Amino acid sequence: MGNSIYRFLCGVCSDLSDAAFTPHGAHHSVAALGRDILNFHRTKQVPEGLSRHVVSSQNAQANWYKKLQVAWKKARPTPTTPEDAAQLVVLTLKNHQKADVEGFLAFYGLPHPNGAAPSAPAHAPAPAPASHPTAPTHKPVKAELHTLPVDAKAVADGDTVTVYVDVSERGESGSVPADIKKAAAERTKARAARNYPQADALQKTIADAGYRQVPNAKGQEVLARKYRIRLSGIDAPESAMPYGKEAKEALLKLVEGKCLMVHVYDTDRYGRSVGDLHAGGVFVQEQMLKKGFAWHYAAYDKRPELAKWQSQAQAARKGLWASKKPQEPWEYRKAKRNGNA
């Protein structure tokens with residue numbers, strides 16, 4: 001009996017490798033879940049930001065990841081699609097609270113399997129298949145970025161977020177200046193030697209050039225390039241406006257802790273990359289419009305889908321549309337420039 005238990009435990013723990021939890025070809029939302037399960041095995045820490053989506057304590061959340069670790073190991077084949085991963089989550093957490101299951105799926109942008117869980121709440125629509133982005137494009141895509149996990153401090157307001165892209169990603173490495181690569185290597189050595197003044201000075205050199213050393217999804221520090229992203233097609237209330245704080249919180253809830261896919265269309269006059277955000281298969285601008293935390297910025301983006309989503313929020317009086325006469329952010333900025341805000 002004792003030997004049987006020993007063999008079982010060895011079997012559960014023997015394949016906890018990166019490849020087992022991030023299988024080749026896995027959708028990015030599935031890969032994010034796999035990485036978090038693996039990271040929990042190594043650190044016993046649940047992902048930051050999950051508590052915003054669920055109602056149970058972090059102790060309860062830890063129990064979920066223990067169960068998912070075993071279920072993932074036993075799964076044949078290993079999940080690679082959002083639908084397969086969602087099915088595994090729902091079956092593993094079937095005896096837990098409805099709000100927790102829904103919130104957990106929403107955190108990773110996973111759909112609800114048909115008949116296995118209640119219909120998705122408004123904040124968590126089912127994502128499209130991995131090969132088909134959910135956003136209707138309106139211009140040629142100049143670049144596709146795959147970001148490192150987004151930090152809570154990276155969200156400036158309801159339509160702007162700062163992201164970092166690992167320079168080892170395709171298309172990034174060749175553009176990194178040699179002196180920045182050298183500074184990053186020297187900073188790593190300085191930190192290892194606990195020479196923090198030197199490390200801080202090198203960090204400033206790296207940051208001034210638009211780069212930073214940040215943790216990746218595995219917790220390993222990597223050199224990354226900084227991008228400021230202005231969400232295309234929407235204009236959220238400014239921070240000082242009614243619903244400005246709520247808009248920022250809504251965007252934070254959609255992106256915090258997640259690896260994003262960004263379709264870049266253009267660069268604005270402030271040097272920001274203008275594009276579409278996808279978080280685990282969820283089109284972020286769609287959600288901001290449907291929840292009533294942004295206006296359709298029709299002057300710069302005439303996609304009819306954006307107008308339709310705004311109309312839906314208006315009809316339901318969601319978010320800022322609960323006000324009788326909400327002010328357009330562009331009119332607020334104009335009035336402020338003229339000293340009338």
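The model shown is predicted, which means the values in this text are computed figures rather than measured ones.
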| Where do Glu249 and Lys253 land on the salt bridge (charged side-chain N to carboxylate O under 4.0 Å, His left out) test, with the steps shown first? | CA-CA 6 Å; Glu249 286 295 319; Lys253 193 170 183 178; over 6 Å; no
| task | Determine, for Phe107 and Lys258, whether the Lys NZ or Arg CZ falls below 6.0 Å from the six-membered ring centre while staying within 45 degrees of the axis. | result | yes
| said: Does the Lys NZ or Arg CZ of Lys334 fall within the cation-pi geometry relative to Tyr332 - under 6.0 Å from the ring centre and within 45° of the axis? | reply: no
| Test item: Pro82 and Val30 side chains (from C-beta on) under 4.5 Å apart, heavy atoms | yes
| Where the side chain of Asp157 meets the backbone of Ser239, is there a donor-acceptor pair that is under 3.5 Å apart? | no
| said: Please check: side-chain N/O of Lys302 versus main-chain N/O of Ala298, any donor-acceptor pairing under 3.5 Å? | reply: yes
| field | Distance-only side-chain donor-acceptor flag, Tyr297 / Asp159, under 3.5 Å | value | no
| task | Determine, using the 4.5 Å side-chain heavy-atom cutoff (strictly less than), whether Val274 and Val161 are members of one ILVMFWY cluster. | result | no
| query | Yes or no on salt bridge (charged side-chain N to carboxylate O under 4.0 Å, His left out) for Arg191 and Asp200, after CA distance, side-chain angles and deciding distance? | reply | CA-CA 9 Å; Arg191 284 175 59 85; Asp200 291 344; over 6 Å; no
| Is there a path of hydrophobic side-chain contacts, each under 4.5 Å between heavy atoms of I, L, V, M, F, W or Y residues, that connects Val264 with Leu260? | yes
| request: Indicate yes or no for a side-chain donor-acceptor contact from Gln310 to the backbone of His296 under 3.5 Å, with no hydrogens or angles considered. | output: yes
| said: Looking at Gln327 and Pro242, would you say the former's side chain and the latter's main chain have a donor-acceptor pair under 3.5 Å? | reply: no
| said: For Lys94, I'd like to know if atom NZ has over 12 heavy atoms of other residues, nucleotides or ligands within 6.0 Å. | reply: no
| task | Report yes or no: do Trp330 and Met288 belong to one cluster of Ile/Leu/Val/Met/Phe/Trp/Tyr joined by side chain heavy-atom distances under 4.5 Å? | result | yes
| query | Are Asn39 and Gln45 close enough that a side-chain donor and a side-chain acceptor fall under 3.5 Å? | reply | no
| Centroid separation Tyr265 to Tyr300 less than 6.0 Å | no
| request: For the pair Asp100 (side chain) and Ser56 (backbone), establish whether a donor and an acceptor sit closer than 3.5 Å, ignoring hydrogens and angles. | output: yes
| task | Say whether Val284 and Tyr164 are linked into one hydrophobic cluster, either directly or through other cluster members, by side-chain heavy-atom distances under 4.5 angstrom. | result | no
| said: Please evaluate residues Asp179 and Thr205 with respect to the criterion side chain to side chain contact (heavy atoms under 4.5 Å, CB included), reporting the C-alpha separation (whole Å), side-chain torsions for both, the decisive distance (0.1 Å), and the verdict. | reply: CA-CA 9 Å; Asp179 60 330; Thr205 299; 5.7 Å; no
| task | Applying side-chain hydrogen bond (donor to acceptor under 3.5 Å, both in side chains), run through Asp166 and Ser168 and close with a yes or a no. | result | CA-CA 5 Å; Asp166 189 336; Ser168 65; 2.9 Å; yes
